[in-house]
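Report on the structure given below.
Atoms considered below: every heavy atom in the structure, side chains included; atoms not considered: hydrogens, waters and symmetry mates. Note on naming: letters A, B, ... go to the chains in the order of the sequence lines (proteins, then strands), and numbering restarts at 1 for each one.
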2 protein chains.
Amino acid sequence: MASPKLNEFIEDEQVLAAFAKALSHPARIAILKVLAQKNECICGEIVEVLPLAQSTVSQHLKELKDADLIKGAVEGPRSCYCINWDAFDAFNLSFNHLFNHLKDQQNNTCC
Amino acid sequence: MASPKLNEFIEDEQVLAAFAKALSHPARIAILKVLAQKNECICGEIVEVLPLAQSTVSQHLKELKDADLIKGAVEGPRSCYCINWDAFDAFNLSFNHLFNHLKDQQNNTCC
DNA sequence: TAGATTCATCGTATAAAAACGATAAAATAA
DNA sequence: TTATTTTATCGTTTTTATACGATGAATCTA
């Protein structure tokens, strides 16, 4: 009965929603900030600065990776992560498109 | 055990995450588009163009309202909704700040 | 080789989100 | 006044998200 009907919305809206979902938890925003600041870093460094268990951080990293916002590379026993700027720019563009699209029709005479 | 630790992140990240969460479902993005296009409209008009039940649409409207992205006014037996442009602009600004903040530190030499 | 590090994944528990039908409240229309 | 319209809310079900500890695989170090 509670089957998500995401597929019944248009592609564009699904893509944007997926991006927004990736940013919908403060831990994931914090992770992006850390990655931007350090340029690249391993999972353990992120765990150090977040109030979350290692397994939880790893899960958040996976979600960011699934959303294509970050890249990960195995380096020996470690995993090195960094922001995927190309995808990031594309998403930023999509967002600006939505904002501009909405603003284009702005009309302050509403209820 | 799964108690959300949202409060342990900084205010700024929480605000952004809450905004992103409001946009994290295609139905809510679609609703914003309809509102922008029609400038204002009642719940029933939105229900007509979405593949969701009235109660579900009402729920999504409530979430957008809780996030302060839209305003609602009772008009007799109907509810008229429209975009809250002030809050919307503020959120857009916050998002751009995040994007710019991250981009400022961009350095393509990563793993 | 043996022990230590690092991290992804599994299992599990709890909370939140998503969806619907039914219903009640409010206002309009007959 | 009675019936109709409109929509928010309640109750419920299903799915997804969040969080943690434990474990195993991979690599490094002693």
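- Under a 3.5 Å cut-off, the side chain of Ser58(B) and the backbone N or O of Ser55(B) do not form any donor-acceptor pair.
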- Task: Treat primed atoms plus P, OP1 and OP2 as sugar-phosphate and everything else as base, then score nucleotides 22-30 of chain C 5' to 3': B for base contact with protein heavy atoms under 4.0 Å, S for sugar-phosphate contact only, - for none.
- Result: B----SS--
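- Distance, Ile42(A) CD1 to dA26(D) P: 19 Å, rounded to whole Å.
- OP1 or OP2 of dA8(D) sits under 4.0 Å from a side-chain N or O of Tyr81(B).
- Listed for the Asn92(B) side chain is no donor-acceptor partner under 3.5 Å among the backbone atoms of Phe88(B).
- At least one side-chain nitrogen or oxygen of Lys21(A) sits closer than 4.0 Å to the OP1 or OP2 atom of dA17(D).
- Remark: side-chain polar atoms of Ser79(B) are not paired, donor with acceptor, to backbone N or O of Glu75(B) under 3.5 angstrom.
- Taking atom CZ of Arg28(B) as the reference point, atom C1' of dA17(C) lies 8 Å away to the nearest angstrom.
- Counting non-hydrogen atoms under 4.0 angstrom, Glu63(B) reaches the backbone sugars and phosphates but no base.
- Judged by distance alone, the side chain of Gln106(B) and the main-chain N or O of Leu102(B) form no donor-acceptor pair under 3.5 Å.
- Other residues, nucleotides and ligands place no more than 12 heavy atoms under 6.0 Å from the NZ atom of Lys62(A).
- Axis angle, first five pairs versus last five pairs of the helix from dT1(C)-dA30(D) to dA30(C)-dT1(D): 10°, rounded to 10°.
- Counting to the nearest Å, the P atom of dT6(D) and the CD1 atom of Ile46(B) are 14 Å from each other.
- What you find for Leu35(B) and Tyr81(B) is that their closest heavy atoms are CD2-O, 3.5 Å.
- Here the side chain of Arg28(A) pairs a donor or acceptor atom with the backbone of Ala22(A) at under 3.5 angstrom.
- Distance His60(B) NE2 to dA16(C) P: 18 Å, rounded to the nearest Å.
- Rounding to whole angstrom units, CD of residue Glu48(A) and C1' of dT5(C) are separated by 13 Å.
- Leu61(A) comes within 4.0 angstrom of nothing in the nucleic acid, heavy atoms only.
- Without hydrogens or angle criteria, Asn84(A) side chain to Asp68(A) main chain gives a donor-acceptor distance under 3.5 Å.
- In this structure, NZ of Lys62(A) is placed 18 Å from C1' of dC20(D), rounded to the nearest angstrom.
- Put simply, CD on Gln59(A) is 10 Å from P on dT9(C), counting in whole angstrom units.
- Comparing dT9(C), dC20(C), dA19(D) against the side chain of Thr56(B) picks out dC20(C) as the nearest.
- The only option from Phe91(B), Phe95(B), Phe19(B) that meets the ring pair (Phe, Tyr, Trp, His ring centres under 6.0 Å) definition with Phe95(A) turns out to be Phe95(B).
- A straight line from CG of Asp66(B) to P of dA8(D) spans 12 Å, rounded to a whole angstrom.
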